[in-house]
Amino acid sequence: MTLQLVQVNFKARDESALGAFWAEALGWGLSSEGPGVTNLEPVGFDWPDPSAVCVDLVRVPDPEAVKCRVHIELATTSEAHQAGLVARLQELGATIADVGRDNDVPWTVMADPEGNVFSVLEPRELYRDTGPVAAVVVACADPRAMVRFWGEAIDWTVHELTDDRALLRSVEGVGPYLEFRRTPDDEAVRTRVHLDVMSSPVEDQAKEVARLEGLGATRRDVGQGDVSWVVLADPEGNEFCVLGRG
């Protein structure tokens, strides 16, 4: 298996401003590979590496305001850290999100300045060594089916598997978890956040795309035109990109 989960991709109205927010939120550095694209990664990070799943923000004319099928969850080390992080994120422009669920939970659901929902988790031993991003969460109808696809796609270790949740992590035991969480059908809608994977070596892109199609992925035309990446959808329709050499 040669695919790595390398980044979470956000569509943004103002990728520069949103990138500045997330850089401050995560304590990461900012860069740009070209106009309309902002890249975030830990300072001194040698991309790609499983110790972090980075963030890419891409400017689009008018991203839809939709429920998030993919979101990130932030780790904290104490109740004081959690409270301080929530307060700091509000100062940076985040808001407490009303997601229509029971508010009596130990984590805080927030929205970034463009409305992308994320969570600030209470301290959990599981996430003590993940870095600022505890987990990348994908809403789905069948976590077991998602593990069958994604477990083969990126060859991560399964740490938990139930009808309601699947939890995977890099075989190196570093970086954030990838979680598939069962969600009611009416909440499983198209999102403006998606996953990006990359083959190693990158020249194996075509071979890896063919392998993914054999696992059940399908090609998607989202108007991308002639680009170096390939847009696919997993068996539940979640779009993701297989990056190539730009």
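Any value given below was found using the heavy atoms of this structure, including those in side chains, with hydrogens, waters and symmetry copies removed. Only a predicted model underlies this, so the values are computations on that prediction, with no experimental measurement involved.
- Taken together through direct or relayed side-chain contacts under 4.5 Å among Ile, Leu, Val, Met, Phe, Trp and Tyr, Val37 and Leu243 form parts of separate hydrophobic clusters.
- Gln82 places a side-chain N or O within 3.5 Å of a backbone atom of Pro106 that can act as its donor or acceptor partner.
- Scanning all heavy atoms of the two residues, the minimum distance from Pro176 to Trp156 falls at O-CZ3, 3.8 Å.
- The heavy-atom pair separating Ala94 from Met110 by the smallest distance is CB-CE, 3.9 Å.
- Side-chain contact between Leu89 and Thr108 is absent, with no heavy-atom pair separated by less than 4.5 Å.
- A salt bridge links Arg169 with Asp129: the distance from a Lys NZ or Arg NE/NH1/NH2 to an Asp or Glu carboxylate oxygen falls below 4.0 Å.
- Between Asn39 and Trp47, every side-chain heavy-atom pair lies at or beyond the 4.5 Å cut-off.
- For Arg128 and Glu125, the salt-bridge test passes: some basic side-chain N is under 4.0 Å from an acidic carboxylate O.
- Within the 3.5 Å criterion, the main-chain N or O of Ala97 finds no donor-acceptor partner in the side chain of Thr95.
- A side-chain donor-acceptor contact under 3.5 Å links Asp49 and Ser51.
- Applying side chain to side chain donor-acceptor pair (under 3.5 Å) to Arg144 and the options Asp163, Asp164, Thr162 leaves one that passes, Asp163.
- Under the 4.5 Å side-chain heavy-atom criterion for Ile, Leu, Val, Met, Phe, Trp and Tyr, Leu92 and Ile96 are members of the same hydrophobic cluster.
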For Glu208 and Arg211, run salt bridge (Lys or Arg N to Asp or Glu O under 4.0 Å): C-alpha distance rounded to whole Å, both residues' side-chain angles, the deciding distance at 0.1 Å, then the answer. CA-CA 5 Å; Glu208 287 300 305; Arg211 185 175 69 87; 2.7 Å; yes
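- A tilted orientation is assigned to the rings of Phe10 and Trp22, their planes being inclined by 30° to 60°.
- Looking at heavy atoms from C-beta onward, Asn238 lies in side-chain contact with Met146 at the 4.5 angstrom threshold.
- Looking at heavy atoms from C-beta onward, Ile72 lies out of side-chain contact with Asn116 at the 4.5 angstrom threshold.
- Looking at Arg181 and Glu73, a side-chain N of the basic residue comes within less than 4.0 Å of a carboxylate O on the acidic one, giving a salt bridge.
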Residue pair His159, Leu126: steps toward the side-chain contact (heavy atoms from CB on, under 4.5 Å) verdict: CA-CA 10 Å; His159 287 260; Leu126 180 66; 5.8 Å; no
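- Placement of Ile154 and Leu215 within a single hydrophobic cluster is found when ILVMFWY residues are connected by side-chain heavy-atom separations under 4.5 Å, directly or transitively.
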Let's go through Ser199 and Lys207 carefully: what are the C-alpha distance in whole Å and the side-chain angles of both, what is the deciding distance for side-chain contact (heavy atoms from CB on, under 4.5 Å) to 0.1 Å, and is it a yes or a no? CA-CA 9 Å; Ser199 61; Lys207 182 170 68 176; over 6 Å; no
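- Nearest heavy-atom pair across Leu57 and Glu15 is O-CB, 3.7 Å.
- Here the side chains of Asn9 and Phe240 are not in contact, with every heavy-atom distance at 4.5 Å or above.
- Taking every heavy atom of both residues into account, Glu179 and Tyr127 meet most closely at OE1-OH, 4.2 Å.
- Scanning all heavy atoms of the two residues, the minimum distance from Ala75 to His81 falls at O-CE1, 4.0 Å.
- Nearest heavy atom pair, residue Ser119 against residue Val109, reads OG-CG2, 4.0 Å.
- Using a 4.5 Å cut-off between side-chain heavy atoms of Ile, Leu, Val, Met, Phe, Trp and Tyr, with links allowed through other members, Val70 and Phe149 fall into the same hydrophobic cluster.
- Judged by distance alone, with hydrogens and angles left aside, the side-chain atoms of Glu160 form no donor-acceptor pair with the main-chain N or O of Arg165 at under 3.5 Å.
- No side-chain heavy atom of Val137 sits under 4.5 Å from any side-chain heavy atom of Tyr177.
- In this structure, the side chains of Lys11 and Val58 stay at 4.5 Å or more apart for every pair of heavy atoms.
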Starting from the C-alpha separation in whole Å, work towards a yes-or-no answer on side-chain contact (heavy atoms from CB on, under 4.5 Å) for Met198 and Gln7. CA-CA 9 Å; Met198 190 172 73; Gln7 62 195 25; over 6 Å; no
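- Considering Asp204, Asp196, Leu232, Val202 in turn, Leu232 is the only one that fulfils the side-chain contact (heavy atoms from CB on, under 4.5 Å) rule with Val242.
- The side-chain heavy atoms of Val53 and Leu178, taken from C-beta on, include no pair separated by under 4.5 Å.
- Between the Arg182 side chain and the Ala141 main chain, a donor and an acceptor come within less than 3.5 Å of each other.
- Annotation for Glu172: atom CD counts as buried by contact number, over 12 foreign heavy atoms lying within 6.0 Å.
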